[in-house]
Protein chains: 2
Amino acid sequence: MMSPTGGTPQTPTRVLVIDDEPQIVRALVINLKARKYEVDAAHDGATALELAATRHPDVVVLDLGLPDMDGVEVIRGLRGWTRVPILVLSARHSSDEKVEALDAGADDYVTKPFGMDELLARLRAAVRRAEPTGGGEDDVMVETEGFTVDLAAKKVNRDGKDVRLTPTEWHLLEVLVRNTGRLVSQRQLLQEVWGPSYGTETNYLRVYMAQLRRKLEADPSHPRHFVTEPGMGYRFEK
Amino acid sequence: MMSPTGGTPQTPTRVLVIDDEPQIVRALVINLKARKYEVDAAHDGATALELAATRHPDVVVLDLGLPDMDGVEVIRGLRGWTRVPILVLSARHSSDEKVEALDAGADDYVTKPFGMDELLARLRAAVRRAEPTGGGEDDVMVETEGFTVDLAAKKVNRDGKDVRLTPTEWHLLEVLVRNTGRLVSQRQLLQEVWGPSYGTETNYLRVYMAQLRRKLEADPSHPRHFVTEPGMGYRFEK
DNA sequence: AGCGTCTTTGACGCAACTCTGACGCCCCCG
DNA sequence: CGGGGGCGTCAGAGTTGCGTCAAAGACGCT
């Protein structure tokens with residue numbers, strides 16, 4: 001009826017399935033893959049958080065009954081650094097459970113046993129509303145007098161030539177550019193680029209900011225666009 | 001447990017309730033108003049679409065069983081021009097109904113009879129995820145005739161130029177500005193900026209208030225905006 | 001298996017920020 | 001009228017944070 005991404009052919013939607021019951025995981029994986037989703041699976045909370053950090057899923061399906069940690073803790077762990085839609089599965093019908101999960105940051109709550117059709121529809125709904133912007137074309141191009149960043153094409157142009165960025169460099173640049181003019185805290189940068197457990201490794205930031213400045217600033221040692229706010233974070237200015 | 005808007009006191013969340021059963025509408029309206037939502041109600045689809053257009057609700061609660069038109073048509077009518085979250089209520093448990101409604105653009109689907117707690121939690125979830133991107137980025141700006149404070153971007157502008165503040169200076173300014181016009185006790189300032197164990201080191205305050213005044217006041221020795229209340233605390237005035 | 005690229009880690013010098021103490025002022029109170 | 005506590009100001013000392021470089025480790029590709 002509808003492609004996972006909602007019609008626009010682009011990179012496939014990535015789903016992270018978290019459940020400790022193998023048969024449920026299998027059923028989900030089969031159904032999702034058949035519909036051209038890209039699927040990762042985890043059977044406990046720790047693995048889940050790790051996978052979420054490294055794979056950056058577009059939507060998370062989470063069973064609350066995990067062996068190693070409370071499902072709500074997983075929600076909080078995710079919400080600490082990402083707004084990825086979270087669809088909760090649970091065998092518990094109690095109203096309190098639902099309220100707790102939803103208020104912790106879940107986007108939807110489905111009780112088992114569930115219909116696969118319904119689950120997939122809810123998944124589509126969750127992904128759909130998370131999509132970038134609905135109404136109008138947002139400007140995916142950001143220009144400075146020294147270089148141009150094309151967020152959609154994932155390209156940076158300088159003096160007519162494309163600048164080669166490594167994945168990490170790009171990711172960092174993307175977070176900064178998406179917050180043009182705003183200060184982005186070191187913690188937020190680290191967590192968005194490297195994952196939730198990297199909130200304090202500020203040396204990574206120093207290295208990669210230097211890298212970005214070397215590649216994009218006219219005078220890397222006196223940056224005009226990638227501004228350091230000592231003790232707080234970094235800011236991208238046009 | 002949580003204010004409708006998620007903590008920041010601003011304009012109340014507006015809900016549009018669409019249902020033809022008076023007792024359900026009444027129950028919803030009472031519960032919503034008690035939680036400080038602003039509520040509009042419609043008992044048929046035509047009125048609903050009209051109200052949605054004129055009142056611009058932040059979230060819609062829609063019963064699928066309407067007298068004048070199919071509920072799914074209402075969803076489509078809304079989705080034609082707005083991305084407002086739509087929470088569907090329905091007596092039908094059939095999977096097809098849910099899939100159809102969700103794929104038409106609904107954000108959530110709750111079957112009757114429903115628990116009020118759960119419904120409210122789902123409503124909060126729907127509003128929450130729509131907030132930051134939906135209505136538009138409202139930067140929290142505070143202006144005086146001498147300078148401008150942008151709390152979101154963590155920026156202070158004076159005479160067209162950005163003022164450089166250290167982390168401590170920012171933190172202090174932030175607490176004061178968030179309490180504009182109100183007196184903030186020394187103890188509270190110290191504990192919020194330096195931590196719970198620093199309730200008495202008022203000399204810190206003196207040093208950093210001086211710093212702030214030097215950077216922001218036109219005449220630092222005769223402050224107009226950062227007012228000392230001797231023996232009590234400090235107050236920020238526009 | 002070998003190679004190239006990307007990421008991570010450590011060490012160093014330098015700059016920025018925080019803390020601290022001394023001093024003088026003003027206002028309140030005795 | 002004199003004393004004292006609270007406040008503002010200043011500048012130095014100590015600490016932390018930042019930029020830079022280089023090399024080792026991890027990863028993927030051929």
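Treat the numbers as computed from the prediction; the structure is a model and nothing was measured. To find a chain, count down the sequence lines: A is the first, B the second, and so on, and within it residues start at 1.
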Using five pairs at either end of the helix from C:dA1-D:dT30 to C:dG30-D:dC1, determine the angle between the two local helix axes and round it to 10 degrees.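 Rounded value for the end-axis angle: 40°.
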Is the count of non-hydrogen atoms from other residues, nucleotides or ligands lying under 6.0 Å from A:Glu21 atom CD greater than 12?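 For A:Glu21, atom CD is crowded (more than 12 foreign heavy atoms under 6.0 Å).
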Under 3.5 Å, which donor-acceptor pairs do the side chains of residues 199-210 of chain B form with other protein atoms, sequence neighbours left out?
none

Pairs under 3.5 angstrom, nitrogen or oxygen only, protein versus nucleotides 26-30 of chain C, please.
none

Show me the pairs that pass salt bridge (charged side-chain N to carboxylate O under 4.0 Å, His left out) and involve residues 226-238 of chain B, at least two apart or across chains.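 Qualifying pairs, neighbours excluded: B:Glu229-B:Arg235, B:Arg235-B:Glu237.
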Just the rounded figure in Å: distance from C1' of C:dC25 to NE2 of B:His222.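 Computing the B:His222:NE2 to C:dC25:C1' distance gives 12 Å.
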State which residues pass side chain to side chain donor-acceptor pair (under 3.5 Å) with [X]; sequence neighbours excluded, sorted by chain then number.
| X | result |
| --- | --- |
| B:Arg224 | B:Glu145 |
| A:Asp68 | none |
| B:Arg79 | B:Asp107 |

Could you give me the CA-CA distance, side-chain angles and deciding distance for A:Arg158 and A:Thr144, then say whether side chain to side chain donor-acceptor pair (under 3.5 Å) is met? CA-CA 10 Å; A:Arg158 183 181 180 187; A:Thr144 74; over 6 Å; no
Check this for me, if you would: do B:Arg122 and A:Asp108 make a salt bridge, where the nitrogen-to-carboxylate-oxygen distance has to be below 4.0 angstrom?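 A salt bridge links B:Arg122 with A:Asp108.
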Taking NZ, NE, NH1 and NH2 as the nitrogens, is one of them in A:Asp150 or A:Lys155 under 4.0 Å from a carboxylate oxygen of the other?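 Not counted as a salt bridge, because no side-chain N and carboxylate O are separated by less than 4.0 Å.
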Hey, is the side chain of B:Trp194 poking within less than 4.0 Å of OP1 or OP2 on C:dC19, counting only N and O atoms?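 Affirmative; the distance criterion is met.
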Side-chain N or O of B:Arg164 closer than 4.0 Å to phosphate OP1/OP2 of C:dA16: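 The answer is no; no side-chain N or O of B:Arg164 sits under 4.0 Å from OP1 or OP2.
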Is a donor from one side chain sitting under 3.5 angstrom from an acceptor on the other, for B:Arg124 and B:Thr13?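 On atom types as modelled, these side chains do not qualify, holding no pair under 3.5 Å.
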Please tabulate, for side-chain N and O atoms in residues 166-182 of chain B, each donor-acceptor pair with protein atoms closer than 3.5 Å (sequence neighbours left out).
| unit_1 | atom_1 | unit_2 | atom_2 | d |
| --- | --- | --- | --- | --- |
| B:Thr166 | OG1 | B:Glu169 | N | 3.3 |
| B:Glu169 | OE1 | B:Thr166 | N | 2.8 |
| B:Glu169 | OE1 | B:Lys215 | NZ | 2.8 |
| B:Glu169 | OE2 | B:Lys215 | NZ | 3.4 |
| B:His171 | NE2 | B:Glu192 | O | 3.4 |
| B:Glu174 | OE2 | B:Arg178 | NH1 | 2.7 |
| B:Asn179 | OD1 | B:Arg182 | NE | 3.4 |
| B:Asn179 | OD1 | B:Arg182 | NH2 | 3.3 |
| B:Asn179 | ND2 | B:Val175 | O | 2.8 |
| B:Thr180 | OG1 | B:Val177 | O | 2.5 |

Sorted by first residue and then second, give each side chain to side chain donor-acceptor pair (under 3.5 Å) pair with at least one member in residues 84-93 of chain A; sequence neighbours left out.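 Matches after skipping sequence neighbours: A:Ser90-A:Tyr109, A:Arg92-A:Glu97.
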Just do the side chain to side chain donor-acceptor pair (under 3.5 Å) check on A:Arg26 and A:Gln23 with the steps written out, would you? CA-CA 5 Å; A:Arg26 253 203 31 215; A:Gln23 65 270 32; over 6 Å; no
Enumerate the residues from residues 166-176 of chain B whose closest heavy atom to DNA chain D is under 4.0 Å, giving them by residue number; use none for an empty result.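 None, since no heavy atom is under 4.0 Å.
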For DNA chain D, what residues of residues 226-238 of chain B have any heavy atom nearer than 4.0 Å?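 Those residues are B:Thr228, B:Pro230, B:Gly231, B:Tyr234.
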A:Asp58 side chain vs A:Arg14 backbone, donor-acceptor pair below 3.5 Å: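 Present.
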Going by number, which of residues 202-217 of chain B have a non-hydrogen atom under 4.0 Å from DNA chain C?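 Correct list: B:Tyr204, B:Val207, B:Tyr208.
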Report which part of the nucleic acid B:Gln186 touches: base, sugar-phosphate, or nothing (heavy-atom distance under 4.0 Å, all strands).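 Sugar-phosphate only.
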Would you say the rings of B:Tyr234 and B:Phe226 are close, in the sense that their centroids are separated by under 6.0 Å?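 Centroid distance B:Phe226-B:Tyr234: not below 6.0 Å, so no.
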